[in-house]
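The structure appears below as structure tokens.
Remember, it's 1-based here, ligands and their atoms both numbered in the order they're listed. In this text the structure is predicted, and so the values were computed from the model without any measurement. Each residue takes its place number in the sequence, starting with 1.
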Amino acid sequence: MNYYSLNKNAPNVSFQEAVIQGLAPDKGLYFPKDISKLPQSFFDSIENFSNAEIAFQVIQQFVGNEIPEDELRRIILETLSFDFPMVEIEENIYSLELFHGPTMAFKDVGARFMSRCLAYFNRDKNQKNTVLVATSGDTGGAVASGFLGVKGVDVVILYPSEKVSDIQEKQLTTLGQNITALEVDGVFDDCQDMVKRAFLDEDLMFKNLTSANSINIARWLPQMFYFFFAYKELKKENKQLVISCPSGNFGNICAGILAKKLGLPIEHFVASTNINDTVPEFLKTGKYNPKPSKATISNAMDVGNPSNFIRIQELYENDLDNFKNDFSSYSFSDEETEKAILEIYKQSKYIAEPHGAVGYLGLKKELENEPNSIGIFLETAHPIKFSDSVEAILSVKLQIPKQIESVLDKEKKSLKIKNYEDLKNFLLL
Ligand SMILES: *Cc1c(COP(=O)(O)O)cnc(C)c1O
């Protein structure tokens with residue numbers, strides 16, 4: 001399988017090269033050159049397949065022969081070592097819970113898949129890759145856990161000191177081995193700027209730096225899997241499906257749209273955002289106008305210039321009418337989000353966290369136009385990850401799940417850094 005850069009100014013590369021490089025040399029995101037529909041027979045009998053078999057059928061064309069079949073199957077089994085329950089919280093409204101992985105965030109799926117692909121590509125080499133990521137919270141934990149102990153890969157995570165929750169900090173800083181947490185005296189944007197600078201730094205080329213956010217195809221593509229799992233479960237209802245994704249960098253929803261290109265019968269997508277409404281505005285005005293991000297209670301979606309939007313534009317052939325066929329996008333305030341968390345709890349005794357609640361709001365809005373459909377919103381994190389808001393809104397005390405409990409009494413280990421020179425010196429050690 002070949003991948004091209006969406007900036008169209010770099011050579012095509014293989015799956016392996018795209019995973020190792022992350023971003024193309026012209027700074028474009030990689031995109032698959034060919035996308036083939038899965039055979040109708042696959043959809044006709046999908047209910048007979050295990051999740052791992054479905055995932056294999058879905059991802060195989062994107063990996064090609066670069067990972068042998070038995071290795072790819074093993075990688076998938078390790079990636080999908082937890083459940084993806086669908087919980088009906090109202091008639092015809094489902095929460096697709098993506099938070100049952102080791103760090104209780106959906107990013108576990110992509111991080112686990114990517115780490116194992118990199119490990120496979122490094123299997124006989126002495127060379128190492130260094131994964132460098134900046135995190136405002138959830139990405140860092142998922143990457144740390146996904147890459148822990150993976151051969152041939154060192155992971156360096158930059159996070160803003162005192163700006164992530166206690167649970168998130170523990171998930172980042174307590175693992176040790178090949179994971180190092182750098183605690184930055186600054187905000188998330190400072191971390192992000194340093195990471196970007198390091199990728200461009202000639203002196204660091206020999207470190208084989210790569211990224212592990214959803215710009216990397218090995219983190220993005222496996223996010224298709226759970227859209228197929230949802231279809232497998234609801235197929236028997238014989239109704240049209242509307243799926244709402246709480247969106248920040250738009251990697252998740254972009255994977256859903258790609259799944260539809262493979263033939264998955266999803267009627268409509270909703271990209272639900274907080275007040276960072278660059279995409280909802282684009283659908284209204286036809287103009288893509290990125291803005292600085294604003295802080296909200298659904299902070300993993302505080303993104304003013306979503307990095308995967310360019311992939312969505314490619315999938316819709318840069319045509320606004322194509323977009324409007326099966327894609328809507330709505331934005332919601334923190335007040336609306338808090339109210340939704342409370343109402344969902346009162347009506348259904350279901351505890352949603354702020355990101356899922358934004359997804360729920362977008363879904364409800366879209367279903368006004370399509371009342372006979374089944375609606376699914378993605379619940380992208382466990383409420384415990386955002387316990388400060390959830391407990392305050394609902395006046396409840398959340399139980400701490402065992403995945404989280406196991407890191408809470410481990411010792412935090414981080415290196416404090418102040419500026420880019422500190423980062424560079426660390427990487428050159
Ligand atoms: C990362 C994240 C999102 C946003 O996902 P994108 O793929 O970037 O749109 C939503 N919710 C949670 C909890 C996240 O961690």
Side-chain angles (χ1 to χ4, degrees), residues 29 95-111 113-114 133-146 159 164-165 167-168 171-172 188 192 211-217 219-227 243-259 269-274 276-280 293 296-312 327 329-332 337 341 351-363 377-390 404:
L29 272 66
S95 167
L96 173 55
E97 295 186 346
L98 303 179
F99 56 73
H100 294 272
T103 75
M104 313 210 90
F106 82 87
K107 294 181 172 82
D108 282 330
V109 174
F113 186 81
M114 179 184 164
V133 274
T135 184
S136 58
D138 267 2
T139 301
V143 169
S145 155
Y159 74 99
V164 304
S165 74
I167 289 177
Q168 288 172 331
Q171 289 183 323
L172 291 176
F188 170 66
Q192 183 88 310
S211 68
N213 49 33
S214 54
I215 63 163
N216 195 301
I217 54 162
R219 246 206 67 191
W220 169 50
L221 295 170
Q223 297 182 166
M224 280 189 291
F225 297 161
Y226 33 76
F227 292 89
I243 299 194
S244 170
C245 305
S247 299
N249 269 320
F250 283 66
N252 234 354
I253 193 160
C254 185
I257 299 166
L258 183 59
F269 292 99
V270 188
S272 304
T273 73
N274 56 33
N276 292 284
D277 61 354
T278 304
V279 175
S293 65
T296 73
I297 56 167
S298 49
N299 56 30
M301 311 198 294
D302 294 350
V303 181
N305 187 11
S307 48
N308 282 287
F309 189 66
I310 182 148
R311 284 187 173 135
I312 299 183
F327 183 94
S329 190
Y330 307 117
S331 136
F332 300 95
T337 308
I341 292 176
I351 299 181
E353 54 69 57
H355 305 78
V358 169
Y360 170 86
L361 284 167
L363 180 64
F377 65 97
L378 308 188
E379 191 32 297
T380 44
H382 189 286
I384 199 74
K385 303 286 296 277
F386 299 91
S387 56
D388 287 353
S389 356
V390 174
I404 303 292

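Ring geometry for F386 against H355 counts as tilted: the plane angle lies between 30° and 60°, on a 0 to 90° scale.
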> Between I404 and Q171, does a side-chain contact (heavy atoms from CB on, under 4.5 Å) hold up when you go through it step by step?
Replying inline: CA-CA 8 Å; I404 303 292; Q171 289 183 323; 3.5 Å; yes
>> Checking V133 against T135 for the side-chain contact (heavy atoms from CB on, under 4.5 Å) test, could you report, in this order, the C-alpha distance in whole Å, the side-chain angles of both residues, the deciding distance, and whether it holds?
In response: CA-CA 6 Å; V133 274; T135 184; 5.7 Å; no
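T103 and K385 get closest at one heavy-atom pair: O-NZ, 2.9 Å.
A donor-acceptor contact under 3.5 angstrom links the side chains of R311 and N308, judged on distance only. With no hydrogens or angles considered, a side-chain donor-acceptor pair links N274 and T296 at under 3.5 Å.
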Check ligand 1 for close polar pairs with the protein: N or O on both sides, less than 3.5 Å.
| residue | atom | partner | partner atom | Å |
| --- | --- | --- | --- | --- |
| ligand 1 | 7 (O) | G251 | N | 3.2 |
| ligand 1 | 7 (O) | N252 | N | 2.9 |
| ligand 1 | 8 (O) | N249 | N | 2.8 |
| ligand 1 | 9 (O) | G248 | N | 2.8 |
| ligand 1 | 9 (O) | N249 | N | 3.4 |
| ligand 1 | 9 (O) | F250 | N | 2.8 |
| ligand 1 | 11 (N) | T380 | OG1 | 2.8 |
| ligand 1 | 15 (O) | K107 | NZ | 2.4 |
| ligand 1 | 15 (O) | D138 | OD2 | 3.1 |

